[in-house]
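Scroll down for the structure; my scribbles are underneath it.
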Amino acid sequence: MEKQYNPVSVEDKWYAIWTEKKLFHGDEFSKKPKYSIVIPPPNVTGILHMGHALNNTIQDILIRFKRMTGYEAMWMPGTDHAGIATQNVVEKKLAKENKTRHDLGREAFLKEVWKWKEQYHATITNQLKKLGSSCDWDRERFTMDEGLSKAVRKVFVQLYNEGLIYRGKYIINWCPRCQTALSDEEAEHKESNGKLYHFKYPFKNKEGFVIVATTRPETMLGDTAVAVNPSDERYKDLIGQMLVLPLVNREIPIIADDFVDKEFGTGAVKVTPAHDPNDFQMGLRHKMTPIVIMDETAHMTGPIPQQYIGTDRFACRKQIVADLEALGLVEKIEDHTHAVGQCYRCATVVEPYYSNQWFVKMKPLAEGALAAAVDGKITIYPERWKKTYIDWMENIRDWCISRQIWWGHRIPVWYCKECGKTIVAEETPSECPYCRSFDMTQDEDVLDTWFSSWLWPFSTLGWPQDKKALQKFYPTDVLVTAPEILFFWVARMIMAGLHFTDTLPFTDVILHGTVRDKTGRKMSKSLGNSIDPLEIISVSGADALRFSLIVITAQGADVFLSKDTFDIGRNFGNKLWNASRFLLENIKTKHVFTGLPSSASLSAFDKWILSRLNTTVAEVSKAIEAYRFNEAAHLLYDFTWRDFCDWYIEAKKADLYQTEDNARMENALNTCSWVLGNILKLLHPIMPFITEEIYSTLREKIDYSSLLDSEYIMTSSYPKANESLVNPVIEKEFSLLKDVITAIRTIRSENNIPPDKKGRAIIVPSSQENADLLCPHITEINMFCRLNETIIDLKAQGPKFSGQAVVMGNQVYLELAGLIDISVEKDRIKKEIAKTEKFVESTKARLSNPSFADKAPADVVAKEKEKLAGIIENLEKLKLSLKALEE
RNA sequence: GGGCGAUUAGCUCAGUUGGUUAGAGCGCUUGCUUGACAUGCAAGAGGUCACUGGUUCGAUCCCGGUAUCGCCCACCA
């Protein structure tokens with residue numbers, strides 16, 4: 001084995017083997033219970049970023065863990081066509097050739113996008129593979145493949161027939177750059193510093209003005225009224241009077257509407273039904289015809305003064321203000337912060353736009369999805385998101401699903417030119433069912449991307465056909481994603497699952513944090529602050545990336561990364577590698593693993609590591625089941641590094657080196673390889689590659705049939721805790737041994753004693769019990785502390801000029817002629833005395849509080865008393881030590 | 001405007017069903033080319049657990065308030 005672990009070739013090798021042997025495939029005919037996850041499909045033209053790395057690592061841990069614990073595990077992979085995003089990318093490419101999609105035409109443009117899709121699809125899936133994702137690639141789906149498209153059309157038709165899909169002219173969020181409608185969720189509200197403009201609208205028949213306040217002056221060109229609250233004393237008498245809209249010179253009435261807030265602005269609102277959702281509602285209430293004054297690119301148009309026509313909305317805003325200023329109609333301009341909607345794909349400020357769109361009626365769909373969360377049939381981790389989910393469900397609004405782009409599922413609706421009827425059908429109709437005409441045109445729009453994603457958990461499994469896989473793997477078990485798409489995707493999947501399959505598509509939702517840089521900014525390509533996962537993988541390996549991400553990510557918390565974050569995983573992998581290497585290099589001929597030695601021939605150290613191992617096994621499994629992955633990673637890190645490497649292997653070194661006593665060597669090999677084998681299995685879900693690599697080497701050197709139960713670790717069984725090997729007494733006793741060793745090391749270190757100077761330790765245990773514990777470990781104490789002699793004697797008199805310490809009542813002396821600096825020793829003991837005295841004081845104070853004895857539970861009081869006795873004993877011994885040094 | 005989260009070592013973060021002397025990684029100091037590993041070993045320094053009231057025998061943890069930061073939602077133009 002190499003001195004340093006080199007992940008690059010190893011990782012690719014194993015992924016190829018796993019794939020070739022089809023070890024990731026979930027068999028729908030299996031008798032085993034299933035465990036299934038559907039991947040949140042990444043954008044087909046996307047590139048793997050740290051968010052994906054975290055997301056997919058979590059899913060892979062669960063899938064691999066469940067696979068090893070006896071489930072038929074299936075992880076459904078796939079990609080999303082990501083309508084607007086993908087179309088934008090391809091349009092950008094065309095723009096470089098000075099072309100637009102309109103130059104190509106719909107058909108040619110779509111061909112171009114498909115080409116792009118084919119090319120980039122491989123990029124994202126290869127990146128997922130690099131990460132080690134054990135997806136069932138045989139089942140991979142794409143949101144626009146034939147089966148899924150069929151599901152989309154079926155669902156559309158069904159909802160239409162149920163009256164849950166309708167078309168109508170409403171105000172929707174419009175992105176003037178993408179030139180399409182957006183859903184409410186796709187318009188992101190960002191705080192921004194704007195202005196509140198106060199304009200004077202003159203009366204028609206008399207002197208004076210009504211002052212209105214607006215943040216969007218350009219919309220005044222489309223005003224159809226000014227509204228006031230009917231109970232507003234200031235304006236009561238003006239209701240019904242006419243104003244003259246400045247610049248346009250159109251007459252508009254003053255109307256009364258409860259919607260108007262008397263407190264805000266001047267209490268008088270300009271009403272622009274075609275360009276504001278509230279005004280639109282008011283327009284309906286007052287039967288006003290909306291006046292459209294902006295086109296789909298947010299340039300001014302319509303029945304407005306010539307000089308504004310064709311100007312951009314923001315340029316027009318400036319111009320309007322200037323023009324009103326010139327007329328003396330600007331009362332004042334105030335600073336005003338408000339939330340402005342932006343397109344979630346291109347950050348362009350969205351415009352409320354009056355247009356004909358398709359909608360899904362959401363209230364009926366939300367009922368069940370709401371109940372599922374309230375009743376606890378769905379659990380969201382961390383739980384605090386449940387409230388957010390419930391709020392959204394309770395206040396749900398209809399979903400605008402039509403998009404004026406080309407890349408996506410074409411709306412399955414045809415309009416008959418002959419009879420004018422609307423035909424909604426899963427397949428292209430050959431003739432109009434109403435008038436037999438052949439002259440029909442399909443709706444030009446496509447569906448919102450999320451209209452296919454919300455079917456993902458069952459459409460990918462073949463719904464509505466192919467029942468076998470669906471029966472086996474649906475519903476899925478857990479959905480792992482980022483909270484950003486809780487509404488976009490998770491909530492809608494739950495609604496779709498309930499509505500179309502009568503089943504919740506999953507029962508658990510894991511929402512992990514957002515990946516940020518060290519200054520807290522979201523990592524993104526546009527900010528240029530992202531760390532490329534592939535770069536980390538190519539240097540330190542996917543295991544290092546995975547382990548590092550997992551170990552630092554608390555459940556649901558955001559993740560802050562810098563490049564050296566990944567050293568944690570790299571170093572840990574290297575440590576594991578070298579521990580394994582050490583063990584394997586001490587195996588001269590193939591070792592036959594004969595099982596763990598019988599309890600009688602286990603040393604205390606053996607019993608200790610087995611106790612720690614089985615405790616760890618139980619805790620790790622519990623942590624993974626509870627989705628506390630960082631806890632699992634920490635437990636494994638500590639057990640592997642601190643317990644196994646720092647103490648156990650160090651203690652076993654002598655046995656592994658020596659050649660005389662074969663029985664001891666055999667014993668050491670058996671226990672070490674047993675523990676290592678278990679570590680590899682425990683770690684495999686988090687670090688799949690390095691564990692598989694070491695496991696394969698292990699199988700070469702060790703005949704392991706009773707321990708290694710499968711050719712590959714990924715198909716091995718996950719360790720189960722053996723309760724009978726958990727031994728709290730041994731663990732407690734070992735902390736004493738470790739403390740004694742550390743005390744001697746501290747004395748050495750603080751006195752600057754060179755490593756090659758060996759000395760003698762004299763230990764005066766505080767009890768026969770402690771003497772009995774420490775005596776069997778004289779060899780180990782000598783080795784760990786580089787001593788040539790250790791004397792353990794209850795009645796020994798500590799030598800005067802020595803390093804001294806008191807550990808849990810046991811006195812420890814280190815004798816090294818001429819090398820101990822007495823002043824150093826005195827200082828340390830004085831410090832120790834001061835610390836102990838403080839401790840004694842606080843404990844005494846607690847015990848002497850009468851209400852403590854009265855009210856605290858008896859065992860707590862007893863514990864405190866015992867503690868006090870112990871530390872007083874310590875204190876006495878420390879004082880004696882100091883006295884001895886001072887004589 | 002409503003809701004949620006965070007505030008713990010120099011930095012980044014765990015943790016606590018309320019009970020010994022609060023943890024990790026990195027960084028820092030000191031000593032080590034010790035026959036697995038310098039991506040390492042050993043030892044050490046470093047914290048009034050944001051502030052403030054309350055509940056309690058006991059609060060870093062539970063409750064109220066304040067401050068700062070962050071996130072989500074929202075049709076006051």
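Chain naming here is simple, since letters A, B, ... match the order of the sequence lines and numbering starts at 1 in each. Note: hydrogens, waters and symmetry copies are ignored here, and every other heavy atom, side chains too, is used. Computed from a prediction, not measured in an experiment: that's the story for all the values here.
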| query | Hey, does the Lys NZ or Arg CZ of Lys653(A) hover above the aromatic six-ring of Phe582(A), less than 6.0 Å from the centre and inside 45° of the axis? | reply | yes
| request: For Lys863(A) and Glu866(A), run salt bridge (charged side-chain N to carboxylate O under 4.0 Å, His left out): C-alpha distance rounded to whole Å, both residues' side-chain angles, the deciding distance at 0.1 Å, then the answer. | output: CA-CA 5 Å; Lys863(A) 234 188 195 165; Glu866(A) 200 183 311; over 6 Å; no
| When rounded to the nearest Å, what value does the distance between C1' atoms of G25(B) and G40(B) take? | 16 Å
| request: Kindly point out which of A77(B), U20(B), A14(B) is positioned nearest to the side chain of His336(A)? | output: A77(B)
| task | Classify the nucleic acid contact of Lys865(A) as base, sugar-phosphate or nothing, counting any heavy atom under 4.0 Å across all strands shown. | result | nothing
| message | Quick one, His336(A) and Tyr197(A) - any side-chain contact, counting heavy atoms below 4.5 Å? | response | no
| query | If the P atom of C11(B) is compared with that of C28(B), how far apart are they to the nearest Å? | reply | 15 Å
| field | Watson-Crick/G-U partner (both atom distances under 3.5 Å) of G58(B) | value | none
| request: Using the six-membered ring for Trp and the full ring for Phe, Tyr or His, decide whether Tyr657(A) stacks on the six-membered base ring of G35(B) (centres under 5.5 Å, planes under 30°). | output: yes
| field | Side chain of Phe259(A) (C-beta onward), nearest among C75(B), C57(B), U30(B) | value | C75(B)
| query | Given C57(B), is OP1 or OP2 found less than 4.0 Å from the side-chain N or O atoms of Lys855(A)? | reply | yes
| remark: Any strand, both distances under 3.5 Å, Watson-Crick or G-U wobble: U68(B) pairs with A6(B)
| query | Between Lys653(A) and A36(B), is there a side-chain N or O to OP1/OP2 distance below 4.0 Å? | reply | yes
| Are any of Arg384(A)'s side-chain N or O atoms less than 4.0 Å away from OP1 or OP2 of G3(B)? | no
| field | Summary of protein contacts for nucleotides 38-43 of chain B, nucleotide by nucleotide, where a base hit scores B, a sugar-phosphate-only hit scores S (4.0 Å, heavy atoms) | value | SBSSSS
| said: In whole Å, measure the gap between the C1' atoms of U29(B) and A9(B) for me. | reply: 15 Å
| message | Taking the C1' atom in each of U52(B) and G19(B), what is the distance between them to the nearest angstrom? | response | 24 Å
| Closest to the Thr388(A) side chain: A36(B), U21(B), C72(B)? | C72(B)
| said: Side chain of Val860(A), heavy atoms from C-beta onward: which of A36(B), A74(B), G19(B) has the nearest atom to it? | reply: G19(B)
| request: Using the P atom on both, measure A36(B) against G31(B) and round to a whole Å. | output: 25 Å
| request: Ignoring hydrogens and angles, tell me if any N or O in the side chain of Arg828(A) forms a donor-acceptor pair with the backbone of Ala805(A) under 3.5 Å. | output: no
| said: Taking U68(B) as the reference, what is the distance to A50(B) when you measure between their C1' atoms (whole Å, please)? | reply: 8 Å
| query | Taking it one step at a time, do Lys622(A) and Glu619(A) satisfy salt bridge (charged side-chain N to carboxylate O under 4.0 Å, His left out)? | reply | CA-CA 5 Å; Lys622(A) 218 172 108 190; Glu619(A) 287 175 343; over 6 Å; no
| task | Please work out which of the three classes, parallel, tilted or perpendicular, describes the rings of Phe487(A) and Trp392(A), given edges at 30° and 60°. | result | parallel
| request: Please confirm whether the backbone N or O of Glu2(A) pairs with a side-chain atom of Trp577(A), one donor and one acceptor, at under 3.5 Å? | output: yes
| field | Spacing of the C1' atoms in G54(B) and A77(B) (rounded, Å) | value | 44 Å
| said: Taking C41(B) as the reference, what is the distance to C61(B) when you measure between their C1' atoms (whole Å, please)? | reply: 37 Å
| request: Decide if the gap between the ring center of Tyr389(A) and the ring center of Trp385(A) is smaller than 6.0 angstrom. | output: no
| message | Over all strands shown, is Lys835(A) touching base, sugar-phosphate only, or nothing at heavy-atom distances under 4.0 angstrom? | response | base
